[in-house]
2 protein chains.
Amino acid sequence: MVPLRVKEVRMATMHDVARRARVSVSTVSYVLTGTRPISEATRTRVLEAMAELGYQPNAMARGLASRRSRIVGLLMPMDERGLGATETAFVTGAAAAASAAGYHLVLSPVGAADPDVVRRLATQGMFDGVVLMEVQVDDGRVAALQEAGLPLVLIGRTGDTTGLSYVDIDFEQTVHEAVDHLVGLGHRRIVYVNHSASAIAAGYGPAVRTRDAFVAAMARHRLEPVMIASEDSAAGGRAALSAAVAQVPDLTAVLAMNESAIFGILGELAVRGRAVPGDVSVVSMVTSPQVAELVHPALTALTSPGAALGRIAMEALLRQLEGAAGQNHQQLLPCVLEIRGSTGPAAPPVGGAGGGAEPAGADPPDR
Amino acid sequence: MVPLRVKEVRMATMHDVARRARVSVSTVSYVLTGTRPISEATRTRVLEAMAELGYQPNAMARGLASRRSRIVGLLMPMDERGLGATETAFVTGAAAAASAAGYHLVLSPVGAADPDVVRRLATQGMFDGVVLMEVQVDDGRVAALQEAGLPLVLIGRTGDTTGLSYVDIDFEQTVHEAVDHLVGLGHRRIVYVNHSASAIAAGYGPAVRTRDAFVAAMARHRLEPVMIASEDSAAGGRAALSAAVAQVPDLTAVLAMNESAIFGILGELAVRGRAVPGDVSVVSMVTSPQVAELVHPALTALTSPGAALGRIAMEALLRQLEGAAGQNHQQLLPCVLEIRGSTGPAAPPVGGAGGGAEPAGADPPDR
DNA sequence: CTGAAAGCGCTAACAC
DNA sequence: GTGTTAGCGCTTTCAG
């Protein structure tokens, strides 16, 4: 059997290049980094030598000497159930941006629960900076990273964001837009299906912020906000819809932000014989077009700027690394409303008798 | 404005630890690596010193000196449309395995088209080894990696796999199982909806292998194999189903391997009034349970061992790195058949008009 | 069982 | 413009 050949080839070093080009190592280095002027003649000689030797600078050596690894970290919790489409988009967006700038992107699974792991990563000197995903409202990892003095950009945000850079979805705006869309169609009894109760309790930003925004948006229309927490699964969605109907039997619209539950919601509506959008309108927030198009009718959705978020966060981080001022980058991106087939005018109330087909006269809300 | 503080804290070095523990640097190093026996007394002193100083070994320095970065790469094409659930699972599985073994995982977007980028990555000395995803049947990146002498494990496989390590889905087995399941239910006119024609032409392994396996499986049952290529989107799936019906008007089963198209297929079936599974049975191959559960009835599917593939590939790579023999790891994992609601007995052939309006017996909406 | 010292391949003063 | 050289923080001989 042929023994495995590992690194049997000795790589050309800067020394080799220098000798071949008849210059000193520093000259080679300066050609590479452009840190000081080099005459066109020698630069050419050096470049030729490099090409001939197939020279590639050694990343570790360079990192050690320059104290800049050109590696950035993407820190994210990765539980067994995997990533949703939106989170996956963060990753690919960030990876593309890093790669385009000549940086390497290390994916580190780090639960929100262990700031110590983060601290260890931060002090290993491997990362020039990090992007932290799935930030909790109160997140120990942020402090750990800051103490280590590591440049940091969040996707999502903590409760107090002073001195922090972040990019996040504008949940307030998103929820308001969703609610306005439904109310504009005449809906009054709207139920919001949020993430799980435990996620809310844990201070998961999207869940908390949309909850508050929903309450505010409904209040603005003098409507009563009803929210149901749902596990992130089709089964959870079915249960949530059942709970919603139990609580508001004559609901005409469901607002959801739960890419997994949404399908359960639709399934349960179908089982109960409630047509979408004839009887019940459905809006899905923070959803990718791919997912929205999966069902029939396609979902009216607030499309999450997934890849853009990842890209922008990474670009902000890299700008920070490339010197520049220590300006904090704080940015909220709205989800854009894309109206598809799952929303329509509110059905007249089925309340007492089939009665008044009046489509939503100015109906003074309950209370 | 406050200037950005970056790495303002000087990290403790091995030297500091050595001084504090009153030993030499080498002793500290050996305590860390365990490469030679150290008396219990000094080891304790050293460990204490480390703890007191909050010492963390510098990854770059260690990498340079030992010529082992403890970084592995995950090379994957990342086009705009993002990753499917299965590919995402590869990534998370691999990341978890690497992290558990104390390795860092670098995500590198590398199209199958540019082996030069791969060559550059390979010779930078940043990676101890790499896992290559989305391998084409004839893939220039593999050769580039091998020439660089970099330990390598594929997820997927090339046409000729001699001397290569890989983990892949057993497509032959998977297709046969799917076809047998349908044939066992009495289906004869089965159409296979594959990936896009361009993917097949490009030699995308899963598309090519399932095509061949489908032909073989149908032949074994003396049935005629009809395959339709489909774009990876709901719209593509709708078009594919239309094409399928045009070609085989009385088809009773659709086999698909296209997580995106499958929803279009189901949608178009609904539009055409063909009940699932009453009129048409649907089997989805290489699909995650989450996706299968999304629709109603839930999809009978061949569940892809997504995260397991990523994990196993990474573990094989790490084993290779941790010395051991240069044994090639070649392994095929089957997808396991999970029968859900989308398959049932074949409907009797419809004579003239198209429309067995009978809802085909009791169809209790499970759960 | 422990130390001293020679690099790993590169960057960045410091010279000229 | 270019060369010399002292590190970067660690691993790993080579000596005891």
Side-chain angles (χ1 to χ4, degrees), chain A residues 7 9-47 49-50 53-71 102 120 123-128 323, chain B residues 6-7 9-47 49-50 53-71 102 123-128 323:
Chain A
K7 304 260 183 158
V9 255
R10 200 188 73 86
M11 291 293 162
T13 79
M14 199 170 247
H15 233 95
D16 302 331
V17 175
R19 259 223 319 270
R20 194 168 229 280
R22 321 198 121 271
V23 296
S24 70
V25 276
S26 62
T27 298
V28 177
S29 174
Y30 288 121
V31 166
L32 233 32
T33 62
T35 324
R36 89 179 178 191
I38 301 282
S39 79
E40 201 44 44
T42 59
R43 142 174 285 113
T44 315
R45 283 220 313 290
V46 170
L47 257 19
M50 286 183 181
L53 294 172
Y55 170 76
Q56 280 294 123
N58 178 297
M60 293 290 131
R62 189 190 273 238
L64 179 57
S66 67
R67 259 138 308 194
R68 305 186 75 265
S69 62
R70 296 193 75 82
I71 297 176
R120 209 164 309 135
T123 51
Q124 271 187 154
M126 160 129 338
F127 299 139
D128 287 349
Chain B
V6 175
K7 305 257 184 161
V9 255
R10 199 189 73 87
M11 291 292 163
T13 81
M14 200 170 248
H15 233 97
D16 303 330
V17 175
R19 258 222 319 271
R20 195 168 230 279
R22 321 198 120 271
V23 295
S24 71
V25 276
S26 61
T27 297
V28 176
S29 174
Y30 286 121
V31 166
L32 233 32
T33 62
T35 323
R36 92 179 175 190
I38 301 282
S39 79
E40 201 43 45
T42 59
R43 141 173 287 113
T44 315
R45 282 221 313 290
V46 170
L47 256 19
M50 286 182 179
L53 294 172
Y55 170 75
Q56 278 296 122
N58 179 295
M60 293 290 131
R62 189 188 272 237
L64 178 58
S66 66
R67 258 138 308 191
R68 304 185 77 267
S69 63
R70 297 192 75 83
I71 297 176
T123 51
Q124 273 187 152
M126 161 131 335
F127 298 139
D128 286 349

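For clarity, every value in this text was computed on a predicted model and none was experimentally measured. Each chain gets a letter, A, B and so on, in the order its sequence line appears, and its residues count up from 1.
Of the candidates D/dC10, D/dT13, C/dA13, D/dT13 carries the atom nearest the B/Tyr30 side chain, counting heavy atoms from C-beta on.
Each of A/Leu32, A/Asp16, A/Leu47, A/Val46 was scored for a side chain to side chain contact (heavy atoms under 4.5 Å, CB included) with A/Tyr55, with one residue passing: A/Leu32.
To the nearest angstrom, P of D/dG9 lies 7 Å from CZ of B/Arg10. Rounded to whole Å, atom P of D/dG9 lies 18 Å from atom CZ of A/Arg62. If you take CG of B/Asn58 and C1' of D/dG7, they are 14 Å apart, rounded to a whole angstrom. For the pair B/Leu64 CG and C/dC10 C1', the computed distance is 8 Å after rounding to whole Å. The separation between A/His15 atom NE2 and C/dC8 atom P is 10 Å, rounded to whole Å.
Within 4.0 Å (heavy atoms only), A/Ser26 reaches at least one base atom of the nucleic acid. Residue contacts shown for A/Thr33 are limited to sugar-phosphate atoms, with no base heavy atom under 4.0 Å away. Backbone-only engagement by A/Val23 is indicated by non-hydrogen atom pairs under 4.0 Å involving sugar-phosphate atoms exclusively. Among the atoms of the strands shown, only primed sugar atoms or phosphate atoms (P, OP1, OP2) are found under 4.0 Å from some heavy atom of B/Ile38. Residue-level contact check: B/Thr13 touches the backbone only, with heavy atoms under 4.0 Å from sugar-phosphate atoms and none from bases.
If one axis is set at each end of the helix from C/dC1-D/dG16 to C/dC16-D/dG1 from five pairs, those axes are 40° apart, to 10°.
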